[in-house]
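So that the names make sense, note that chain A is the first sequence line, chain B the second, and so on, each numbered from 1.
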2 protein chains.
Amino acid sequence: MFEARLGSTTLLKKIVDALKEILSQSTLDCSASGIQLQAMDNSHVSLVAMSLSRECFERYRCDRNVSLGLDLKSLMKVLKCASGDDAVTISAADKADKLQLRFESAGNERTADYELRLLNLEQDHLAIPETDYACIVHMPSTEFARICRDLATFSESVVIACSKDGIKFSASGELGSANITLSETSKGDVSLQVEEPVTLCFAGRYLNSFTRATSLADKVKIGLAADVPLLVEYPIEDHGYIRYYLAPKVDDPD
Amino acid sequence: MFEARLGSTTLLKKIVDALKEILSQSTLDCSASGIQLQAMDNSHVSLVAMSLSRECFERYRCDRNVSLGLDLKSLMKVLKCASGDDAVTISAADKADKLQLRFESAGNERTADYELRLLNLEQDHLAIPETDYACIVHMPSTEFARICRDLATFSESVVIACSKDGIKFSASGELGSANITLSETSKGDVSLQVEEPVTLCFAGRYLNSFTRATSLADKVKIGLAADVPLLVEYPIEDHGYIRYYLAPKVDDPD
DNA sequence: TCAGCATCAG
DNA sequence: CTGATGCTGA
């Protein structure tokens with residue numbers, strides 16, 4: 001038996017929304033410690049890892065490990081049947097082929113039960129090595145989203161250069177070019193930890209897809225190191241996160 | 001001479017909006033007692049009946065019975081030319097081929113006159129037998145609309161099961177299934193009168209089209225009986241109503 | 001013809 | 001931030 005209850009569906013909607021474009025189907029791995037997900041995106045270029053530890057939930061019970069294969073678009077459709085302030089309980093019997101979702105309205109006048117068919121998905125379990133990033137940047141998540149959106153106008157590729165002086169995002173193409181530099185401000189909304197300066201180039205469309213998670217967190221953490229995938233991490237309420245990984249382009253700034 | 005005046009066009013807009021999708025053209029039957037409408041929907045599956053008794057109007061005069069054949073989409077276009085708080089007077093001479101509409105602004109600074117061409121429509125006059133429903137449910141109209149919308153995600157068919165314990169709406173399909181149960185709550189926003197429990201299956205798309213009337217009334221009345229069309233009734237300001245009727249599906253819960 | 005997207009108003 | 005509407009692509 002697996003059962004987990006959240007006080008509001010809004011958080012779950014945001015999480016699924018942050019995943020569903022990049023991952024049409026995926027497996028949730030539920031264990032006593034919480035819920036994990038890890039997968040390559042649909043085009044097998046970037047990688048997503050999500051973790052919600054049991055502390056994220058109002059109630060959490062997982063008698064034995066279960067893997068729940070879900071179609072995330074379908075899950076989103078079901079979540080749309082709930083109001084944002086409904087409490088949601090997801091549950092599955094052992095070896096179930098259905099996920100149960102129960103929505104309870106704030107005043108408890110209304111209960112709606114949904115079942116979502118589970119899928120048997122191939123598990124591509126990827127070990128993500130802990131990386132010692134040469135640069136770690138924290139910045140407002142909306143700012144990161146804004147930059148990714150703006151740079152997409154100029155080029156498919158985005159160059160990120162980070163040093164002690166700041167982090168610079170650049171794109172250039174037919175239209176012209178763009179350079180956005182952020183340095184550590186007194187307000188402390190940008191922070192840099194730089195062991196060694198790094199300059200890397202990434203495909204902007206993936207960066208943009210990562211920003212679907214913007215509403216989950218005020219701050220985003222970016223980790224950079226030479227020849228290692230970029231890390232873009234959005235914390236989820238103290239006890240969880242979504243991490244996106246994207247390998248740098250070998251060359252070819254267009 | 002026929003003439004009827006409403007203090008605000010908003011009500012009339014809501015009524016036409018509740019009819020125009022389901023009934024592209026229809027005949028208003030005007031008599032001394034008020035205005036009636038009764039017709040099959042465009043696809044001849046469901047049936048709509050509207051009644052506005054003369055008490056609904058600020059002023060009402062109908063010297064002799066007239067039938068006004070209207071294109072409801074065109075009528076809606078004309079109504080969009082009025083502000084919601086304009087007073088509206090509709091009138092027609094005997095044997096007229098035009099409907100007159102006059103909009104007067106609240107302060108009377110502005111008067112606008114419109115004429116709408118009338119149509120000669122075939123009258124399919126259907127007697128609707130008074131039915132003694134086995135179950136009558138009153139519930140918030142927004143809640144009903146919400147349920148119909150949510151269930152449409154899962155299946156074309158909606159099963160409604162009503163007993164003394166509550167009314168249950170269910171749909172199931174490829175994605176999964178949904179069950180929403182309402183029972184009489186302490187707040188009294190759901191009430192059930194059950195002579196005999198009933199379970200019936202309906203085509204969800206028609207239920208959804210009925211909910212275009214949601215803004216007319218806070219509460220909707222649902223009448224159910226075996227082998228008899230479902231009744232969905234929205235009261236209109238104490239002296240009128242829109243009733244929708246839909247025959248149950250014979251079988252085939254998909 | 002319908003579903004999804006995007007935009008807009010409350 | 002949510003619901004509603006209009007558009008566009010499948």
How close or far is atom P of dG4(C) from atom CZ of Arg149(B), stated in whole angstroms?
-> 14 Å
Using atom NZ of Lys13(A) as one end and atom P of dC1(D) as the other, report the distance to the nearest whole Å.
-> 12 Å
Integer-rounded Å distance: dG3(D) P and Asp85(A) CG = 10 Å
Contacts table for residues 72-88 of chain A: side-chain donor-acceptor under 3.5 angstrom, sequence neighbours left out:
| unit_1 | atom_1 | unit_2 | atom_2 | d |
| --- | --- | --- | --- | --- |
| Ser74(A) | OG | Asp71(A) | OD1 | 3.1 |
| Ser83(A) | OG | Arg146(B) | NH1 | 3.3 |
| Asp86(A) | OD2 | Ser83(A) | N | 3.1 |

Are any of the side-chain nitrogens in Glu3(A) or Arg59(A) under 4.0 Å away from the carboxylate oxygens of its partner?
-> yes
Flag, side chain of Glu233(A) to backbone of Ile242(A), donor-acceptor distance under 3.5 Å | no
When rounded to whole Å, the CD to C1' distance for the pair Glu21(A) and dA6(C) reads 13 Å
Reckon Lys77(A) touches a base, only the sugar-phosphate, or nothing at all at heavy-atom distances under 4.0 Å?
-> sugar-phosphate
Are any of the side-chain heavy atoms of Thr214(B) and Thr142(B) separated by less than 4.5 Å?
-> yes
Rounded off to whole Å, could you give me the NZ-to-C1' distance for the Lys80(B) and dT5(D) pair?
-> 10 Å
Nearest whole angstrom, please: distance from the C1' of dC1(D) to the CG of Leu11(A).
-> 15 Å
Return the value, rounded to whole Å, for the distance between atom CG of Asp17(B) and atom P of dG6(D).
-> 10 Å
Starting at atom CE of Met76(B), determine the distance to atom P of dG6(D), rounded to an integer number of angstrom.
-> 10 Å
